[in-house]
Amino acid sequence: MASPFGTCRKCDGAGAKPTVNRAGKLKRVKPCRRCKGQGKRLRIGRRLHNHSREIHRAGTR
């Protein structure tokens, strides 16, 4: 609960991962698709907490 966000595992928190083409030159850096360039992701426990709150809210309306 204290830290609901963790670093993205795909880009290691950088928000983008530089790629190299076949010639060995750096290509244009695109934002990470998993974290959308933020470098952070929701942790599993927080995701479950949000989902349970949604279910409770929908059931008590």
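Ala16 and Pro31 make their closest contact through CB-CA, 4.2 Å (heavy atoms, listed as atom of the first residue, atom of the second, distance). Nearest approach of Arg43 to Phe5, heavy atoms of both residues: NE-O, 3.4 Å.
Taking CD of Gln38 as the start and SG of Cys32 as the end, the distance is 10.5 Å to the nearest 0.5 Å. To the nearest 0.5 Å, atom NZ of residue Lys30 and atom CZ of residue Arg33 are 8.5 Å apart.
With sequence neighbours excluded, no residue forms a side-chain hydrogen bond (donor to acceptor under 3.5 Å, both in side chains) with Asp12.
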TODO: Could you please spell out the steps behind the side-chain contact (heavy atoms from CB on, under 4.5 Å) verdict for Thr7 and Arg41?
DONE: CA-CA 6 Å; Thr7 57; Arg41 63 173 177 83; 5.9 Å; no

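Judged by distance alone, the side chain of Lys17 and the main-chain N or O of Lys10 form a donor-acceptor pair under 3.5 Å.
Contact check for Val20 versus Leu26: side-chain heavy atoms found under the 4.5 Å cut-off. Side-chain contact between Arg47 and Pro4 is absent, with no heavy atoms from C-beta onward closer than 4.5 Å.
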Considering only distance and modelled atom types, tabulate donor-acceptor pairs under 3.5 Å from the side chains of residues 51-61, sequence neighbours left out.
unit_1	atom_1	unit_2	atom_2	d
Ser52	OG	Leu48	O	3.4
Ser52	OG	His49	O	2.8
Thr60	OG1	His56	O	3.0
Thr60	OG1	Arg57	O	3.4

